[in-house]
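Heads up: numbering here begins at 1 and tracks the sequence.
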Amino acid sequence: MKKAIIIILLATTGQASAQIPVELFVGHEMATVDILFFKYFKNRQDENTGWLFFNRNRASMDYRMTTTRFLPQFGFTEAISYNHEKLKGFAPVLVGQIFSSGVFPKAGIQYAYLHAAITVFTWIVCETMNSPNLDYFLLFRFTPKLSETVRLFTQVESISVFPVASADNFSFTQRFRVGIQRYGFQVGVGADFSQNGNTTFTNLNNLGGFIRHEF
């Protein structure tokens, strides 16, 4: 099952034409590079089909890095869902994730509302492995026009991991971005927060600024 999901995701990656948005976030604790987009696959008439491709590539570097501690972290998330019009935005989704800690195939339910000024993208998925974790992901983006060439750029992201085994850790992440969008560039301030643990939690805060551009 794990190999099948990864092969399907990698084989179809090149079929979804998309502009590639790249974000560089420089905070007081670490710097991150983030590539996140979702696009519908096209048919021969260059029309959207029901197949939606989600891509997320993210890497971080802690300023305290040594040869053995605070090493760079990376994560790759690829997902495919089939969005039938009668489901009103809900869809089954297959997710493949590759992190520094391993490979994780997942499956679940997704909801997508993708429009010019408002984006709501969320899913709840479960690992298809022993002792699976339950993941909830939410991305909300609001980019209303301020003028003919300028938009407000706001984005809120939440990632929650709930373990099935009582001894495993919970993980919660929240990311906020507020800025201005003009000619394919977004610039502004942001904050990343994370909590990890079980009965006691380790907190990480990263405050700074971002620049984002669609290539």
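- Of the possible polar contacts, one joining the Ser100 side chain to the Phe74 backbone as a donor-acceptor pair under 3.5 Å is found.
- Between the CG atom of Asn203 and the OG atom of Ser194 there is a distance of 7.5 Å, given to the nearest 0.5 Å.
- In terms of hydrophobic clustering, with Ile, Leu, Val, Met, Phe, Trp and Tyr side chains grouped at heavy-atom distances under 4.5 Å, Phe215 and Leu24 are assigned to a common cluster.
- Note that CD of Glu214 is 5.5 Å distant from CD of Gln186, once rounded to the nearest 0.5 Å.
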Note to self: Could you go through Phe172 and Phe201, starting from their C-alpha distance and side-chain angles, then the distance that decides it, and tell me whether this counts as side chain to side chain contact (heavy atoms under 4.5 Å, CB included)?
What the structure shows: CA-CA 10 Å; Phe172 304 104; Phe201 286 82; 4.0 Å; yes

Identify every side-chain donor-acceptor pair in residues 158-170 under 3.5 Å, counting partners at least two apart or on other chains, and give the distances.
| unit_1 | atom_1 | unit_2 | atom_2 | d |
| --- | --- | --- | --- | --- |
| Asn169 | ND2 | Asn196 | OD1 | 3.4 |

Next item on the list: Quick one: do Phe53 and Glu78 satisfy side chain to side chain contact (heavy atoms under 4.5 Å, CB included)? Show the steps, please.
Entry: CA-CA 7 Å; Phe53 173 65; Glu78 319 291 336; 3.3 Å; yes

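- Side-chain contact between Pro72 and Met65: present, with at least one pair of heavy atoms (C-beta onward) separated by less than 4.5 Å.
- The heavy-atom pair separating Pro92 from Ile109 by the smallest distance is CA-CD1, 4.4 Å.
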Next item on the list: Let me see the working for Lys39 and Asn48 under side chain to side chain contact (heavy atoms under 4.5 Å, CB included), right down to the final yes or no.
Entry: CA-CA 9 Å; Lys39 291 290 182 180; Asn48 288 343; over 6 Å; no

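- A pairwise comparison of heavy atoms in Phe25 and Gly209 identifies CD1-O, 3.3 Å as the closest pair.
- Between Arg177 and Asp192 there is a salt bridge, with a side-chain nitrogen of the basic residue lying less than 4.0 Å from a carboxylate oxygen of the acidic one.
- Hydrophobic clustering (side-chain heavy atoms under 4.5 Å, transitive across Ile, Leu, Val, Met, Phe, Trp, Tyr) groups Val33 together with Ile211.
- With hydrophobic clusters built from ILVMFWY side chains whose heavy atoms lie under 4.5 angstrom apart, Phe90 shares a cluster with Tyr113.
- In this pair, Phe185 and His213 present their aromatic rings parallel. The plane angle is below 30°, not in the 30 to 60° band.
- Heavy atoms only, all atoms of each residue included: Arg151 and Ala116 are closest at NH1-O, 4.2 Å.
- Between Phe54 and Trp123, the ring center distance clears the sub-6.0 Å criterion.
- Taking the side chain as every heavy atom from C-beta outward, Lys88 and Lys86 never approach each other to under 4.5 Å.
- In this structure, the side chain of Thr122 does not engage the main chain of Tyr111 through any donor-acceptor pair within 3.5 Å.
- Proximity of Phe104 to Thr128: side-chain heavy atoms (C-beta onward) are nowhere separated by under 4.5 Å.
- Between the side chains of Ser81 and Gln110, at least one donor N or O lies within less than 3.5 Å of an accepting N or O.
- Tyr136 and Val95 fall into different hydrophobic clusters, defined by Ile, Leu, Val, Met, Phe, Trp and Tyr side-chain heavy atoms under 4.5 Å apart, directly or through other members.
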Next item on the list: Check step by step if side chain to side chain contact (heavy atoms under 4.5 Å, CB included) holds for Phe76 and Ile35.
Entry: CA-CA 10 Å; Phe76 305 98; Ile35 302 172; over 6 Å; no

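- Counting all heavy atoms, side chain and backbone alike, Gly89 lies closest to Asn83 at O-OD1, 4.0 Å.
- Residues Thr143 and Leu152 fail the side-chain proximity criterion, which asks for heavy atoms closer than 4.5 Å.
- Ring geometry, Phe153 versus Phe210: the interplanar angle falls from 30° to 60°, so the pair is classed tilted.
- Looking at Ile20 and Val22, their side chains come closer than 4.5 Å, going by heavy atoms from C-beta outward.
- In this structure, Glu29 CD and Met61 CE are separated by 13.0 Å, a value rounded to the nearest 0.5 Å.
- When all heavy atoms of Ser60 and Thr32 are compared, the pair lying nearest together is CB-CG2, 3.6 Å.
- A distance of 9.5 Å separates CG of Asn57 from CD1 of Ile98, quoted to the nearest 0.5 Å.
- With values rounded to the nearest 0.5 angstrom, Gln174 atom CD is found 9.5 Å from Asn205 atom CG.
- Proximity of Phe176 to Phe193: side-chain heavy atoms (C-beta onward) are separated by under 4.5 Å at one or more points.
- Judged as a side-chain hydrogen bond (donor to acceptor under 3.5 Å, both in side chains), and not counting sequence neighbours, Tyr82 has no contacts.
- Between Phe140 and Phe142, the angle of the ring planes stays under 30°, which puts this pair in the parallel group of the 30/60° scheme.
- Asp34 has a carboxylate O that lies under 4.0 Å from a charged side-chain N of Arg56, or vice versa, which qualifies the two as a salt bridge.
- Looking at His28, its side chain never comes within 3.5 Å of a backbone N or O of Asn206 through a donor-acceptor pair.
- Taking every heavy atom of both residues into account, Phe37 and Pro21 meet most closely at CB-CD, 3.7 Å.
- Between Gln155 atom CD and Arg212 atom CZ the span is 6.0 Å, to the nearest 0.5 Å.
- Residues Phe70 and Arg64 have side chains in contact (heavy-atom distance under 4.5 Å, counting atoms from C-beta outward).
- No side-chain heavy atom of Ile80 sits less than 4.5 Å from a side-chain heavy atom of Leu52.
- Side-chain N/O atoms of Thr77 and Gln97 include a donor and acceptor closer than 3.5 Å.
- There is no path of hydrophobic side-chain contacts, each under 4.5 Å, that joins Leu94 to Ile124.
- For Glu148, the CD atom counts as loosely surrounded, since its 6.0 Å shell holds 12 or fewer non-hydrogen atoms of other residues, nucleotides or ligands.
- With hydrogens and angles ignored, the 3.5 Å screen pairs no side-chain donor or acceptor of Arg141 with any backbone N or O of Ile118.
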